Amino acid sequence: MEGEEGLNLNVWTPDPQATGLPVLVWIHGGGSTTGSSAVPTYDGATFARDGLVCVSFNYRLGVYGYGYLPDAPAPANRGLLDQVAALRWVRENIARFGGDPDNVTVAGESAGAMSVLALLARDDGLFHRGIVQSGNGHIGQTPADAGKVLKAVADNLGIEPTLEAFTDIDVEELLKAQATVSSDISQKPNNTTYGASTMAACGLSFMPVVDGTTLPRRPIEAIAAGPGDRVPLLMGTTTEEFRPAAQIGTYTVRPGVSACCRSPSHTSHSCEGKWGYWLHVRCRDRHDR
């Protein structure tokens with residue numbers, strides 16, 4: 001699903017009339033450039049069967065989500081801000097689906113796991129437990145290095161690294177240029193071209209940016225200093241990391257399995273276009289199986 005409609009979330013509940021059910025929120029991985037909450041592997045029906053309310057959501061990726069644009073309404077970490085907005089939506093609305101807003105666990109794998117740690121570092125108090133699979137808290141670009149990556153994408157497209165220039169670029173052209181730069185970063189490490197903090201991320205091109213505002217410091221430093229240390233954390237490693245990734249781009253969503261909330265009226269935060277903050281939560285009805 002392209003464009004603004006892609007910023008939606010899914011809710012599975014065993015009983016929308018229940019109260020106080022534990023809530024699990026899943027953040028998908030994909031190197032902050034690929035992935036989707038609609039991958040069948042992430043079907044939350046099993047959790048609902050076992051008595052949990054399960055939530056998954058999409059967030060902006062690549063240049064749209066993490067490209068550093070100082071002149072944009074949200075210069076950095078738009079993908080992370082999408083995640084914050086989704087968790088705020090959960091806090092405000094999950095009781096309508098039988099969930100307990102005071103018993104929320106956030107889990108993620110790979111880039112999703114790094115997102116959990118970045119959210120811990122922000123210390124917004126939006127969840128109460130974290131599960132991190134194949135992620136670490138050491139990754140975080142400086143604004144200068146993130147700017148170098150974005151400039152490389154802009155140079156590939158033959159444009160200036162500005163909001164106005166990127167806004168006029170076709171999505172397919174942008175994705176192609178983004179993939180070219182990402183491949184160069186992973187195969188030809190170069191501190192001068194892309195920056196030391198980029199190279200320290202072991203092949204990632206786009207990632208959370210330590211901008212001092214949306215992410216005050218790297219998660220490992222923020223958690224060690226106090227913020228987020230009150231949240232119990234379960235950490236592990238995914239042995240077959242790339243099996244779900246192999247399905248991305250070829251999946252089909254089974255009817256009746258994945259959906260959003262039951263009311264079409266919920267929205268979250270103001271709409272400022274693809275370079276601003278969270279656009280909306282798209283909701284549609286579904287009938288439980």
Side-chain angles (χ1 to χ4, degrees), residues 25 27 29 31-33 57 59-91 104-151 161 163 191 194-202 204-235 268-270 272 275-278:
V25 179
I27 305 179
S32 298
T33 56
F57 57 82
Y59 55 98
R60 280 170 287 185
L61 303 166
V63 170
Y64 290 129
Y66 294 97
Y68 187 66
L69 282 165
D71 57 339
N77 298 324
R78 291 173 293 276
L80 182 63
L81 292 172
D82 291 345
Q83 297 166 12
V84 172
L87 290 174
R88 285 177 178 157
W89 185 93
V90 168
R91 165 165 285 187
V104 176
T105 298
V106 178
E109 181 266 343
S110 193
M114 296 174 205
S115 295
V116 174
L117 293 169
L119 291 164
L120 269 176
R122 285 178 52 89
D123 199 29
D124 295 312
L126 294 172
F127 60 101
H128 311 91
R129 298 172 188 84
I131 301 175
V132 173
Q133 290 294 115
S134 295
N136 71 73
H138 295 75
I139 289 175
Q141 273 179 317
T142 66
D145 290 351
K148 289 180 179 180
V149 173
L150 190 75
K151 184 179 185 305
L163 171 63
N191 281 2
Y194 299 114
S197 65
T198 303
M199 293 300 101
C202 301
L204 293 180
S205 48
F206 295 93
M207 67 200 80
V209 177
V210 183
D211 64 344
T213 305
T214 56
L215 186 61
R217 45 190 158 176
R218 290 190 309 162
I220 190 66
E221 297 161 353
I223 294 169
D229 66 352
R230 297 174 299 279
V231 177
L233 190 64
L234 174 66
M235 301 187 72
S268 181
H269 292 246
S270 61
E272 293 197 42
W275 306 109
Y277 295 89
W278 175 264

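Any value given below was found using the heavy atoms of this structure, including those in side chains, with hydrogens, waters and symmetry copies removed. Just so you know, these numbers come straight off a predicted model, no measurement behind them.
The distance from the CG atom of Leu120 to the CZ atom of Arg230 is 10.0 Å, given to the nearest 0.5 Å. With rounding to the nearest 0.5 Å, the separation of OH in Tyr66 from OH in Tyr59 is 5.5 Å. Considering CG of Leu69 and CG of Leu150, their distance stands at 5.0 Å, rounded to 0.5 Å. Rounding to the nearest 0.5 Å gives a distance of 10.0 Å between CZ of Arg122 and CD of Gln83. To the nearest 0.5 Å, the span separating OG on Ser32 from CG on Leu80 amounts to 9.5 Å. Thr198 OG1 to Asn191 CG: the interatomic distance, rounded to the nearest 0.5 Å, is 8.5 Å.
Put simply, the side chain of Asp211 gets close to the backbone of Thr213: a donor and an acceptor are under 3.5 Å apart. Side chain of Arg218 to backbone of Ala121: no donor-acceptor contact under 3.5 angstrom is found. Under a 3.5 Å cut-off, the side chain of Arg78 and the backbone N or O of Tyr64 do form a donor-acceptor pair.
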Before you tell me yes or no, could you show the steps for Thr214 and Leu81 under side chain to side chain contact (heavy atoms under 4.5 Å, CB included), namely the whole-Å CA-CA distance, both residues' side-chain angles and the distance that decides it to 0.1 Å? CA-CA 8 Å; Thr214 56; Leu81 292 172; 3.9 Å; yes
Kindly determine whether Thr142 and Val209 satisfy side chain to side chain contact (heavy atoms under 4.5 Å, CB included), including the steps that lead there. CA-CA 6 Å; Thr142 66; Val209 177; over 6 Å; no
If you apply the rule side chain to side chain contact (heavy atoms under 4.5 Å, CB included), what do you find for Phe206 with Val63, and how did you get there? CA-CA 7 Å; Phe206 295 93; Val63 170; 3.6 Å; yes
Checking side chain to side chain contact (heavy atoms under 4.5 Å, CB included) for the pair Thr105/Ile131: CA distance, chi angles, key distance, verdict? CA-CA 7 Å; Thr105 298; Ile131 301 175; 3.9 Å; yes
Side chain to side chain donor-acceptor pair (under 3.5 Å), that's the test. Do Glu109 and Ser134 meet it? Break it down for me. CA-CA 6 Å; Glu109 181 266 343; Ser134 295; 4.9 Å; no
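The nearest pair of heavy atoms linking Pro143 to Val210 is CD-O, 3.4 Å. Considering every non-hydrogen atom in both Pro208 and Asn77, the closest pair reads CA-OD1, 3.3 Å. Counting all heavy atoms, side chain and backbone alike, Pro161 lies closest to Lys151 at CB-CA, 4.2 Å. Of all heavy-atom pairs spanning Val132 and Ala113, the tightest one is CG1-CB, 3.4 Å. Between Gly140 and Ser197, the shortest heavy-atom contact is O-CB, 3.7 Å.
Side-chain contact between Val106 and Leu87 is present, with at least one heavy-atom pair separated by less than 4.5 Å. Contact of the Val90 side chain with the Phe57 side chain is not registered, since no non-hydrogen atoms from C-beta on lie closer than 4.5 Å. In this structure, Tyr68 and Gln141 have side chains that are not in contact, with every pair of non-hydrogen atoms separated by 4.5 Å or more.
Leu119 pairs in a side-chain contact (heavy atoms from CB on, under 4.5 Å) with only one of the listed residues (Val231, Val84, Val25), which is Val84.
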